[in-house]
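Taking it in order: structure first as structure tokens, then the write-up.
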Protein chains: 2
Amino acid sequence: MRKIAESTVRRLSLYLRFLEEFEEQGIETVSSEALAARGGTTSAQVRKDLSFFGSFGKRGLGYSVQELVQKLRGILGLGRTYRVAMIGAGKIGSALVQYRGFKQRGFEIVAIFDTDAAKVGRGWNGLTVQDARELESALRDQRVDIAVIVTPADSAQNVADRCVALGIKAVLNFAPVQLTVPDDVVVKTVNLALELETLSYALTNR
Amino acid sequence: MRKIAESTVRRLSLYLRFLEEFEEQGIETVSSEALAARGGTTSAQVRKDLSFFGSFGKRGLGYSVQELVQKLRGILGLGRTYRVAMIGAGKIGSALVQYRGFKQRGFEIVAIFDTDAAKVGRGWNGLTVQDARELESALRDQRVDIAVIVTPADSAQNVADRCVALGIKAVLNFAPVQLTVPDDVVVKTVNLALELETLSYALTNR
DNA sequence: GGGCTTTTGTGAAATCTTTCACAAATGTAG
DNA sequence: CTACATTTGTGAAAGATTTCACAAAAGCCC
Ligand SMILES: NC(=O)c1ccc[n+]([C@@H]2O[C@H](COP(=O)([O-])OP(=O)(O)OC[C@H]3O[C@@H](n4cnc5c(N)ncnc54)[C@H](O)[C@@H]3O)[C@@H](O)[C@H]2O)c1
Ligand SMILES: NC(=O)c1ccc[n+]([C@@H]2O[C@H](COP(=O)([O-])OP(=O)(O)OC[C@H]3O[C@@H](n4cnc5c(N)ncnc54)[C@H](O)[C@@H]3O)[C@@H](O)[C@H]2O)c1
């Protein structure tokens, strides 16, 4: 498949969310113009984004909301459930484990790990926090698609290495470090400091 | 000032973090090559990014770590403390309020608001959760530079509108909605679903 | 001081992304 | 069935960002 820009993928994900809203409201067709208005972009952008994957609309009419939802789910790989391991049972890990939006969108947390003896064995939202030393043995038995790293910054790379060794190909990282992984593993880092500093820059240079 | 790309600002923020590491390690000068290697980019990119703001290096030698840290702090507007209001005292709000990295980098939480009577009045990390109805009166008395919105999605726009009315010019939003604000207000949205779906796309299309 | 090495700063080129603009469909109304 | 109004899909143009490549600066050594 032709290389698709990350910005395009992010917009597709946004479009999907808007289309789901439209679907709930009983709207059956939508034009690129309407979709663009909802998402703060342009109709040409919407059409171009979609055109990388096929032609899903009807000229003169627009797109069938239901059909486009299906197509986008397919393109984004959302026709299935992803099994997620949470590594680190701290403050952020706790918020994420309790977050319903996760499962709602097909990402199911199936295991939680921590090194802290005080946390291991505790029940968390129906799951038991496991000792991080058991990461390898536990994940040999059950498939995990995505690892979420919410450990302190100084253990994040080590945790990532172990996940890679276990064959995990996708990592969502909250530790404020730049992780090094092989080319076939994809990492997304959510770096709060970076977001805040972008705001700081914007506030300063106006 | 000439328009600077957001990608450039984000990289400057990353460079700053790496430079601070170098500083701690007692490294005094660094070349664009070394900085690039640390951050997964290229030396030309580093030099170009910096060149938008001036010339900070010495040919043949590289950059003084200490001096570049100062310059970047200045460029990013980090020579001061920002006063932050947390709106929503739920799971994510709780994690953020307890997060030390926030204050460490100059972002000080000075107020927390919630609508839930069970939470109002409780002490949170040295602050008292205030009734969200008091947002206007409370923030008229004390300056707030940045609002962090961690309320459910369906109240996020309303909260944003109230913040805008109070003159707040920067918002960090965790609710999975696209906020509408005037041009002179800057919003950064951290959308977990989007990040996960980017991973899903990457896992699917390989 | 002159030659050598290193590394910056920056125009120009290459690449990537967005916007434009219009022919081709498609439905609708008369 | 024809004319008309819409709206898609897409090359081409415009704009933005990254990479290239090299002259100029600066330290070092003899
Ligand atoms: N709390 C926030 O709001 C916030 C915001 C942005 C980023 N972060 C980052 O997210 C990460 C976690 O933050 P937190 O506030 O939840 O910290 P925390 O200290 O509350 O939690 C970290 C947890 O990881 C566990 N841990 C340590 N090493 C481990 C290992 N090798 N394997 C498994 N578990 C391990 C600790 O026992 C602890 O329970 C940090 O890197 C932090 O910088 C946090
Ligand atoms: N928990 C997570 O891991 C997570 C991850 C990503 C995004 N989010 C998003 O962050 C937001 C908060 O999530 P959460 O898990 O903390 O939810 P939560 O329900 O734990 O907390 C939300 C809090 O906001 C309060 N609130 C409601 N309306 C308010 C108003 N108008 N003003 C002030 N406070 C108000 C509620 O009383 C509650 O205490 C949601 O939009 C959620 O989708 C959460």
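Every value quoted in this text rests on a predicted model; they were computed, and no experiment measured them. In what follows, chains are A, B, ... by sequence order, proteins preceding strands, each numbered from 1. What you see below is based on every heavy atom in this structure, not just the backbone, and it leaves out hydrogens, waters and symmetry mates.
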**Request:** Could you say whether A:Leu61 or A:Ala44 is positioned toward the 5' end of DNA chain C, judged by the nucleotide with the nearest heavy atom to each?
**Result:**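 In this pair, the answer is A:Ala44.
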
Closer than 4.0 Å, any side-chain N/O of [X] to the OP1 or OP2 of [N]?
X       : N      : value
A:Arg11 : C:dT18 : yes
B:Ser31 : C:dT7  : no
A:Ser32 : D:dT8  : yes
A:Gln45 : C:dT19 : yes
B:Thr42 : D:dT19 : yes
A:Tyr63 : D:dG9  : yes

Integer-rounded Å distance: [N] [atom2] and [X] [atom1]:
X       : N      : atom1 : atom2 : result
B:Phe53 : C:dG9  : CZ    : P     : 14 Å
A:Lys48 : D:dG11 : NZ    : P     : 7 Å
B:Leu68 : C:dG9  : CG    : C1'   : 14 Å
B:Arg10 : D:dT18 : CZ    : C1'   : 18 Å
A:Phe52 : D:dG9  : CZ    : P     : 13 Å
B:Glu33 : D:dA21 : CD    : C1'   : 14 Å
A:Arg47 : D:dT7  : CZ    : C1'   : 7 Å
A:Asp49 : C:dT19 : CG    : C1'   : 12 Å

**Request:** Check the angle between the aromatic planes of A:Phe107 and A:Tyr82 and answer parallel, tilted or perpendicular using the 30° and 60° thresholds.
**Result:**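 Plane angle under 30°, so parallel.
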
**Item:** B:Lys58 vs A:Ser43, nearer the 5' end of DNA chain D by closest nucleotide
**Value:**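 Closest to the 5' end, via its nearest nucleotide, is A:Ser43.
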
**Request:** Say whether, by atom type as modelled, one donor and one acceptor occur between the side chain of B:Asp114 and the main chain of B:Val120 under 3.5 angstrom.
**Result:** no

**Request:** Could you tell me whether the side chain of B:Ser200 and the main chain of A:Gly77 form a donor-acceptor pair under 3.5 Å?
**Result:** yes

**Asked** Are A:Asp161 and A:Gln157 linked by a side-chain donor-acceptor pair shorter than 3.5 Å?
**Response** yes

**Asked** Hey, is the side chain of B:Arg59 pairing donor to acceptor with the base of C:dT7 inside 3.5 Å?
**Response** no

**salt bridge (charged side-chain N to carboxylate O under 4.0 Å, His left out), paired with B:Glu108, selected from B:Lys103, B:Arg83, B:Arg143** =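 Checked B:Lys103, B:Arg83, B:Arg143 against B:Glu108; only one passes salt bridge (charged side-chain N to carboxylate O under 4.0 Å, His left out): B:Lys103.
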
